[in-house]
Amino acid sequence: MKLDHIGIATPDLDAGSAPYLALGFQPEGPDEVVEAQGVRVRVFRVGDAMVELLEPMRPDSAIAKYLEKNRPGLHHTAYRVEDIHAEMARLKGEGATFLSEQPGPGLHHTTVIFLHPKWGAGTLIELCQHPEAEHPEAEHPEVGHGEGGHGH
Ligand SMILES: CC[C@@H](C(=O)O)C(=O)SCCNC(=O)CCNC(=O)[C@H](O)C(C)(C)COP(=O)(O)OP(=O)(O)OC[C@H]1O[C@@H](n2cnc3c(N)ncnc32)[C@H](O)[C@@H]1OP(=O)(O)O
Ligand SMILES: [Co+2]
């Protein structure tokens with residue numbers, strides 16, 4: 001399991017970007033909307049991991065509610081898993097408490113789920129599975145699809 005990203009809550013993506021631009025990082029790709037979470041997202045790659053800036057789009061979103069009670073800043077840490085359902089089952093065996101029964105859609109076509117901050121010793125923890133983990137052949141399109149195959 002590797003660190004995938006840290007999530008930063010900000011009322012404004014441009015204001016939230018300033019320190020990362022000054023540090024010398026550039027946004028990776030265009031801003032993305034994740035409707036299921038009611039957020040607009042800007043990502044900065046930092047080595048193998050990312051800084052994920054989260055701006056609320058709706059007052060009922062988790063980020064809007066967080067910013068009502070807290071200052072902008074570190075919101076969650078996210079860990080990349082190969083098989084999110086297997087990892088959930090394993091962690092439930094360790095007594096983990098999830099915030100939902102089923103994972104949902106995340107950034108960049110990932111599948112994500114959150115653990116309760118109480119279980120996380122005071123931090124909100126996200127598990128995320130990237131699409132290539134669901135379709136390993138997409139990483140190796142030459143396998144079984146012939147030249148020019150798209151893997152689907
Ligand atoms: C871009 C998409 C995706 C990705 O692909 O990466 C994302 O990252 S989306 C990120 C935003 N989405 C989420 O955070 C979804 C999960 N979060 C939630 O369901 C809620 O935010 C919450 C964690 C259940 C909190 O809900 P809320 O209704 O706001 O309850 P409270 O304010 O009463 O909080 C309860 C309890 O939890 C503590 N808390 C809340 N947020 C955090 C946090 N970010 N880090 C640490 N602790 C947090 C809060 O202080 C309360 O504690 P107690 O007072 O001790 O009970
Ligand atoms: Co996240």
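Ligands are counted one by one from 1 in listed order, and the atoms in each one are counted from 1 as well.
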| Checking only N/O/S atoms, does His76 have one that is under 2.8 Å from the Co ion (ligand 2)? |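 Of the N, O and S atoms in His76, at least one lies under 2.8 Å from the Co ion (ligand 2), which means yes.
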
(request) For the Co ion (ligand 2), decide whether Cys128 has an N, O or S atom at a distance under 2.8 Å. (result)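 Looking at Cys128, which is the residue asked about, there is no N, O or S atom under 2.8 Å from the Co ion (ligand 2).
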
Should Lys69 be counted as touching ligand 1, given the test is an N or O pair under 3.5 Å?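 Yes, since at least one N or O of Lys69 sits under 3.5 Å from an N or O of ligand 1.
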
Could you tell me whether some N/O pair between Glu126 and ligand 1 is separated by less than 3.5 angstrom?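 Yes: some nitrogen or oxygen of Glu126 is under 3.5 Å from one in ligand 1.
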
- Task: State whether any protein heavy atom lies less than 4.0 Å from atom 36 (C) of ligand 1.
- Result: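 No; the ligand atom in question lacks any protein heavy-atom contact below 4.0 Å.
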
Which residue from His75, His76, His109 reaches closest to atom 14 (O) of ligand 1 through any of its heavy atoms?
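The residue whose heavy atom sits nearest atom 14 (O) of ligand 1 is His75.
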
ask   = Between the candidates Val39, Leu107, Leu124, Val43, which shows the shortest non-hydrogen contact distance to atom 5 (O) of ligand 1?
value =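 Checking each option, the heavy atom nearest atom 5 (O) of ligand 1 is found in Leu107.
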
Note to self: Does this structure show an ion pair linking Glu87 with Arg80, if we count only N-O contacts that are shorter than 4.0 Å?
What the structure shows: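 Salt bridge between Glu87 and Arg80, a charged N being under 4.0 Å from a carboxylate O: no.
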
Non-hydrogen atoms of Lys118 versus ligand 1: any pair closer than 4.0 Å?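 Under 4.0 Å: yes for Lys118.
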
Heavy-atom contacts with Leu54 under 4.0 Å: which atoms of ligand 1 show up? List them by number with element.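 Selected atoms, number and element: 1 (C).
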
Point to revise | Taking atom 12 (N) of ligand 1 as the reference point, the nearest protein heavy atom with its distance | key: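 The answer is Gln37 OE1, 2.9 Å.
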
### Message
For His75 and Glu52, which I'm curious about, is there any donor-acceptor pair between the side chains at under 3.5 Å?
### Response
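Judged by distance alone, the side chains do not pair up.
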
